[in-house]
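So that we are looking at the same thing, I have put the structure below in structure tokens.
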Amino acid sequence: MHKLTFYPLGNADCCLIDLENGQKILFDFADVGDSENDEDLRIDLSEELRKNLEDADKDSFDVVAFTHADEDHIKGFSEFFYLEHAAKYQDDDRIKIDKLWVPAAIILEKSPSTDDHKILRAEARHRLKEGSGIRVFSKPEALEEWLEEQGLKLKDREKLITHAGKTIPGYKKSSEGVEFFVHHRRQFKKSKA
């Protein structure tokens with residue numbers, strides 16, 4: 001049976017899905033607790049996730065998905081995870097990400113709001129350029145111009161992109177017992193009063 005764990009983080013988000021087949025899928029990461037403060041009831045997320053992986057005899061998450069790059073969804077991720085785009089984020093104490101899931105907006109953002117946001121954008125861009133270890137959610141056309149600026153063709157990266165309104169490849173309810181459907185965030189125009 002699959003297991004969902006929602007971590008007590010106050011006004012922040014992190015959810016772990018342990019699949020029956022042993023895969024671990026982490027949605028968001030916001031390490032906001034203050035371990036120095038006995039009054040803080042928020043969990044030490046880094047410690048808890050390390051223990052979870054250790055108990056499963058793993059050194060990586062199969063998937064780490066970031067729904068968006070607000071601080072309450074990414075705070076501290078650059079101190080916790082092993083990131084492929086720069087050596088300064090690579091040491092034996094960091095937790096690896098087999099596959100990173102992000103919306104295209106994280107890659108296309110021109111002015112990231114925080115340092116963690118900039119670092120997440122750099123990691124997602126690196127993986128997409130390399131052509132591995134990433135799944136991007138979007139209408140592929142949104143990425144076409146950016147890919148061309150990198151000297152890449154959309155058709156060469158399309159297998160890494162899941163269209164809004166589709167399910168993610170590799171997860172079928174009939175075989176894995178779970179599937180993930182990509183929602184599309186619709187932009188509404190303001191009406192004139």
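No experiment lies behind these values; they were computed from the predicted model shown.
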Output, in order, the C-alpha distance, side-chain angles, deciding distance and verdict of salt bridge (charged side-chain N to carboxylate O under 4.0 Å, His left out) for Lys24 and Asp18. CA-CA 5 Å; Lys24 292 186 173 292; Asp18 285 295; 2.3 Å; yes
For Glu148, is the CD atom crowded, meaning more than 12 foreign heavy atoms sit under 6.0 Å from it?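 Yes - once you tally the heavy atoms of other residues, nucleotides and ligands closer than 6.0 Å, there are more than 12.
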Once rounded to the nearest 0.5 Å, what's the spacing between atom NZ of Lys166 and atom CZ of Phe181?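 Between atom NZ of Lys166 and atom CZ of Phe181 there are 9.0 Å.
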Side-chain contact, heavy-atom cut-off 4.5 Å: His117 with Glu109?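 His117 vs Glu109: side chains touch.
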Measure the shortest side-chain to side-chain distance between Ile74 and Asp28 over non-hydrogen atoms and say whether it is less than 4.5 angstrom.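 No; the side chains remain at least 4.5 Å from each other.
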Before giving the answer on side-chain contact (heavy atoms from CB on, under 4.5 Å), spell out for Ile95 and Asp59 the whole-Å C-alpha distance, their side-chain angles and the decisive distance to 0.1 Å. CA-CA 6 Å; Ile95 302 300; Asp59 67 352; over 6 Å; no
Would you name the heavy atoms of Ile107 and Ala124 that are closest together and state the gap between them?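 Looks like CG1-CB, 3.7 Å.
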Give me the atom names and distance for the closest heavy-atom approach of Gln90 to Glu84.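 Residues Gln90 and Glu84, closest heavy atoms: NE2-O, 3.2 Å.
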side-chain contact (heavy atoms from CB on, under 4.5 Å) assessment of Ile25 paired with Leu19: CA-CA 8 Å; Ile25 301 173; Leu19 297 183; 3.9 Å; yes
Between CZ of Arg121 and CZ of Arg125, what distance do you get to the nearest 0.5 Å?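 Reported to 0.5 Å precision, the distance equals 4.0 Å.
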What pairs with Ser78 under side-chain contact (heavy atoms from CB on, under 4.5 Å), at least two apart in sequence or on another chain?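 Result, side-chain contact (heavy atoms from CB on, under 4.5 Å) vs Ser78: Leu83, Tyr89, Asp116, Ile119.
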For a 4.5 angstrom cut-off between non-hydrogen side-chain atoms, does His73 reach Thr67?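 Yes. Closest side-chain heavy atoms under 4.5 Å.
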Thr167 side chain reached by Val182 side chain, heavy atoms, under 4.5 Å: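 Not in contact.
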Give a yes or no on whether Lys58 atom NZ has more than 12 heavy-atom contacts from other residues, nucleotides or ligands under 6.0 Å away.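 Counting neighbours around NZ of Lys58, more than 12 heavy atoms of other residues, nucleotides or ligands fall under 6.0 Å, so yes.
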Can you confirm if the aromatic rings of Phe29 and Phe81 lie within a centre distance of less than 6.0 Å?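 Yes, the ring of Phe81 comes within the 6.0 Å limit of the ring of Phe29, centre to centre.
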Could you walk me through whether Val63 and Tyr171 pass the side-chain contact (heavy atoms from CB on, under 4.5 Å) check? CA-CA 12 Å; Val63 172; Tyr171 295 94; 3.6 Å; yes
Once ring-ring contact (aromatic ring centres under 6.0 Å, His included) is applied, what residue pairs with a partner in residues 125-163 remain, sequence neighbours excluded?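 Pairs touching residues 125-163 that pass the test: Trp101-Phe137.
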Within 45° cone and under 6.0 Å: Lys96 NZ/CZ vs Tyr82 ring: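 Relative to the ring axis of Tyr82, which defines the angle, Lys96 lies inside both limits.
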Looking at every non-hydrogen atom in both residues, tell me the closest pair between Asn21 and Gln23 and how far apart they are.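 Closest pair (atom of Asn21, atom of Gln23, distance): OD1-N, 3.0 Å.
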About how many Å separate CZ of Arg127 and NZ of Lys99, when rounded to the nearest 0.5 Å?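 CZ of Arg127 is found 10.0 Å from NZ of Lys99.
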Do Leu120 and Phe66 have side-chain heavy atoms sitting under 4.5 Å apart?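 They are in side-chain contact.
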Spacing of Ile97 atom CD1 and Phe80 atom CZ [to the nearest 0.5 Å]: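 The CD1 atom of Ile97 sits 9.0 Å away from the CZ atom of Phe80.
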Side-chain touch Leu152/Arg157, heavy atoms, less than 4.5 angstrom: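 Yes; the side chains approach each other to less than 4.5 Å.
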To the closest 0.5 Å, what do you measure between CD1 (Ile161) and CD (Glu144)?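 Here the rounded value is 9.5 Å.
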Using only heavy-atom distances, determine whether the side chains of Arg135 and Thr162 contain a donor-acceptor pair under 3.5 Å.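 Side-chain D/A pair, Arg135 to Thr162: present.
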Would you indicate whether Asp57, at its atom CG, is surrounded by more than 12 heavy atoms from other residues, nucleotides or ligands within a distance under 6.0 Å?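 No, the 6.0 Å shell around CG holds no more than 12 heavy atoms from other groups.
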For Glu47 and Leu45, what are the C-alpha separation, side-chain angles and deciding distance, and is it a side-chain contact (heavy atoms from CB on, under 4.5 Å)? CA-CA 5 Å; Glu47 181 180 310; Leu45 186 60; over 6 Å; no
Considering all heavy atoms of both residues, which atom of Leu4 and which atom of Cys15 are nearest to each other, and what is their separation?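 Of all heavy-atom pairs spanning Leu4 and Cys15, the closest is CD2-SG, 4.0 Å.
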Could you check whether His85 and Glu123, counting side-chain N and O atoms only, form a donor-acceptor pair closer than 3.5 Å?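 Indeed, the side chains of Glu123 and His85 share at least one donor-acceptor pair under 3.5 Å.
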Do Phe27 and Leu16 have side chains that approach each other closer than 4.5 Å (heavy atoms only, starting at C-beta)?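 No - every pair of side-chain heavy atoms lies 4.5 Å or more apart.
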Side-chain heavy atoms of His2 within contact of Val178, under 4.5 Å: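 They are in contact (side-chain heavy atoms under 4.5 Å apart), so the answer is yes.
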Look at atom CD of Glu149 and say whether more than 12 heavy atoms of other residues, nucleotides or ligands are closer to it than 6.0 Å.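 Yes, the 6.0 Å shell around CD holds more than 12 heavy atoms from other groups.
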Return the CG to CD distance between Asp115 and Glu79, rounded to the nearest 0.5 Å.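 Atom-to-atom, Asp115:CG and Glu79:CD are 10.0 Å apart.
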Determine whether Asp91 and Arg94 satisfy the following criterion, salt bridge (charged side-chain N to carboxylate O under 4.0 Å, His left out), listing intermediate values before the conclusion. CA-CA 6 Å; Asp91 62 56; Arg94 291 174 173 266; 3.5 Å; yes
Determine yes or no for a side-chain-to-main-chain donor-acceptor pair under 3.5 angstrom, with Glu20 supplying the side chain and Gly177 the backbone.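 Pair absent, no side-chain N/O of Glu20 close to backbone of Gly177.
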